[in-house]
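Here the structure comes first, spelled out in C-alpha cells, and everything after it is commentary.
Not measured: the values here are computed from a predicted model. The chains referred to below are lettered A, B, ... by the order of the sequence lines, with proteins before strands, and numbering in each begins at 1.
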Number of protein chains: 2
Amino acid sequence: MPQQPKQAPTGEPVAPLDRALDGLIGYVLSRVQIKMYQNLTNNFSEFDIRPTQFSALFIIHQNPGLMQAELARTLAIDPPQAVVMINKLEQQGLALRIRCKADKRSYGLFISKSGEVLLKKLEAIAAQSDLESTSALSADECSQLLTILGKLYRN
Amino acid sequence: MPQQPKQAPTGEPVAPLDRALDGLIGYVLSRVQIKMYQNLTNNFSEFDIRPTQFSALFIIHQNPGLMQAELARTLAIDPPQAVVMINKLEQQGLALRIRCKADKRSYGLFISKSGEVLLKKLEAIAAQSDLESTSALSADECSQLLTILGKLYRN
DNA sequence: TATTGTTATACTCTATAACTATA
DNA sequence: TATAGTTATAGAGTATAACAATA
C-alpha cells in the first residue's frame with residue numbers, strides 16, 4: 001500500500017491513472033485546455049499580459065468603441081472583472097476609455113497606438129503557440145477540430 | 001461612439017465580437033471548455049461536489065491505494081491543493097487515507113462505501129451532461145473529437 | 001424605475017515557501 | 001540529504017450586493 005506499481009523503469013507511468021475518464025469529452029477537453037493555456041501563458045511571459053487580456057485587446061481592436069458591458073459579455077466575465085482588466089490595460093497605456101457623448105453613463109473602448117504595436121506581436125505569438133500545441137495534428141484534423149468546436153460553442 | 005450597432009432587432013448580436021479569434025484553436029477550445037464545465041457544475045448542483053472532486057473520486061476508485069502526490073500529478077494540481085481536496089472528501093466520508101506500512105511518510109487513498117454509492121450517481125450525471133453538451137454532434141464527430149483531443153493531450 | 005460602470009467583499013483556485021516526519 | 005505530506009500565505013480569478021451617475 002500503495003498497492004500498485006507507480007513507475008515504469010523509464011520513469012514513465014505504466015498507464016495514465018485517469019485513462020478510464022478518456023471517454024468523457026468534457027474531461028479530455030479540460031485537460032487539453034489546461035495544457036494549451038499554460039503554453040500560451042509561457043509564450044507571453046516576456047510581456048505582462050495574460051491570455052484573457054490578449055483576447056480583450058484583440059476584441060477592442062476589432063470593435064473600436066465597444067462598451068465595457070459588451071466586452072464582458074463576449075469574454076464571459078462579470079462587469080466588475082471587466083473594470084479591473086480595463087483599468088490595467090489603461091494603466092499599461094494599451095487601451096483607453098472615451099466617454100460616450102450620446103449616453104454619458106457609458107464609455108467607448110479603444111486601443112492605443114502602443115496597444116496596437118503590442119497586439120501585433122501578441123497575435124504572432126498566439127498563432128505560433130497554437131501551432132506548437134497542435135503540431136501532432138494534420139491540417140485536416142485542425143480544420144475538423146475547429147468545425148466541431150464551433151458546433152459545440154453555438155450548441 | 002459606441003460607433004457600431006450592438007443589437008439586432010431580436011436582441012441577438014449582429015455578429016459575435018470575437019469572430020476574428022475563431023481561427024485560434026486555443027481560444028475556441030477555451031470557450032467550449034467554459035460552457036461544458038459550467039454545465040457539469042450545474043448538473044452536480046444538488047451535491048456538494050465540483051468537477052475536480054468528481055475526477056479525484058473517480059481516479060481514487062480506479063486506483064485504490066494511490067498516493068496523494070500521484071493524484072495531484074494526474075489532476076495537474078499542486079500537492080497543497082490535493083491536501084485540501086482530500087481533507088474535504090474525507091470529511092464528507094467519501095474517501096479515506098490509510099497510512100502506508102512500508103513508507104510511513106505516505107498514505108494510500110481509498111474510496112469509502114458511501115463514496116462508491118455517490119460516485120455511481122455522479123458518473124451517470126457526468127455522462128448525461130457530456131451528452132447534453134455534445135448534442136449538436138453526430139456519433140462520428142464525437143469519436144473524431146475524442147481522437148483528436150487524445151493526440152493533443154499526448155502531444 | 002432601469003442601466004452603466006464602479007466599489008467593496010468574499011469565496012474559490014492556484015502557486016510558493018517553509019515546516020514535520022519519515023527515509 | 002531527500003521525499004511525502006502539511007501549513008501558511010499570497011495572488012489570481014470569479015461572483016454578488018450595493019452604490020453613483022445617468023437615462
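One interatomic measurement links the two molecules: CD1 of B:Ile49 to C1' of C:dT12, which rounds to 15 Å at whole-angstrom precision. Remark: P of C:dT14 and CD of B:Gln53 are 12 Å apart, rounded to the nearest angstrom. Atom OH of B:Tyr37 and atom P of D:dG13 are 16 Å apart (whole Å). In this structure, the CE atom of A:Met85 is 13 Å from the P atom of D:dA15, given to the nearest Å. Rounded to whole Å, the distance from CD on B:Gln68 to C1' on D:dT7 is 13 Å. The CZ atom of A:Arg50 sits 15 Å away from the C1' atom of D:dT14 (whole-angstrom rounding). In this structure, A:Ile98 places its CD1 atom 17 Å from C1' of C:dG5, rounding to the nearest Å. Counting to the nearest Å, the P atom of D:dA12 and the CZ atom of A:Phe44 are 17 Å from each other.
A donor-acceptor contact shorter than 3.5 Å links the side chain of B:Ser55 to the backbone of B:Pro51.
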Reading nucleotides 15-23 of chain C from 5' to 3' and marking B where a protein heavy atom lies under 4.0 Å of the base, S where only the sugar-phosphate is that close, and - otherwise, the string is BBB---BBS
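In the helix from C:dT1-D:dA23 to C:dA23-D:dT1, the terminal helix axes, each the rotation mapping four pairs' C1' atoms onto the next four within five end pairs, subtend 10°, rounded to 10°.
Residue B:Arg73 places none of its side-chain N or O atoms closer than 4.0 Å to OP1 or OP2 of D:dA4. Distances shown here put a side-chain N or O of A:Arg97 below 4.0 Å from the OP1 or OP2 atom of C:dT6.
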Side-chain donor-acceptor pairs of residues 142-155 of chain B under 3.5 Å, sequence neighbours excluded:
from     : atom 1 : to       : atom 2 : distance (Å)
B:Ser143 : OG     : B:Asp140 : O      : 3.1
B:Thr147 : OG1    : B:Ser143 : O      : 2.8
B:Lys151 : NZ     : A:Glu141 : OE2    : 2.6

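Between C:dC13, C:dG5, D:dT6, one nucleotide has an atom nearer to the side chain of B:Val83 than all others, and that is D:dT6.
Checked against B:Arg19 for a side-chain contact (heavy atoms from CB on, under 4.5 Å), the options B:Asp22, B:Leu21, B:Leu17 give a single hit: B:Asp22.
Within the 4.5 Å cutoff, the side chain of B:Leu118 has heavy atoms near those of the B:Ile49 side chain.
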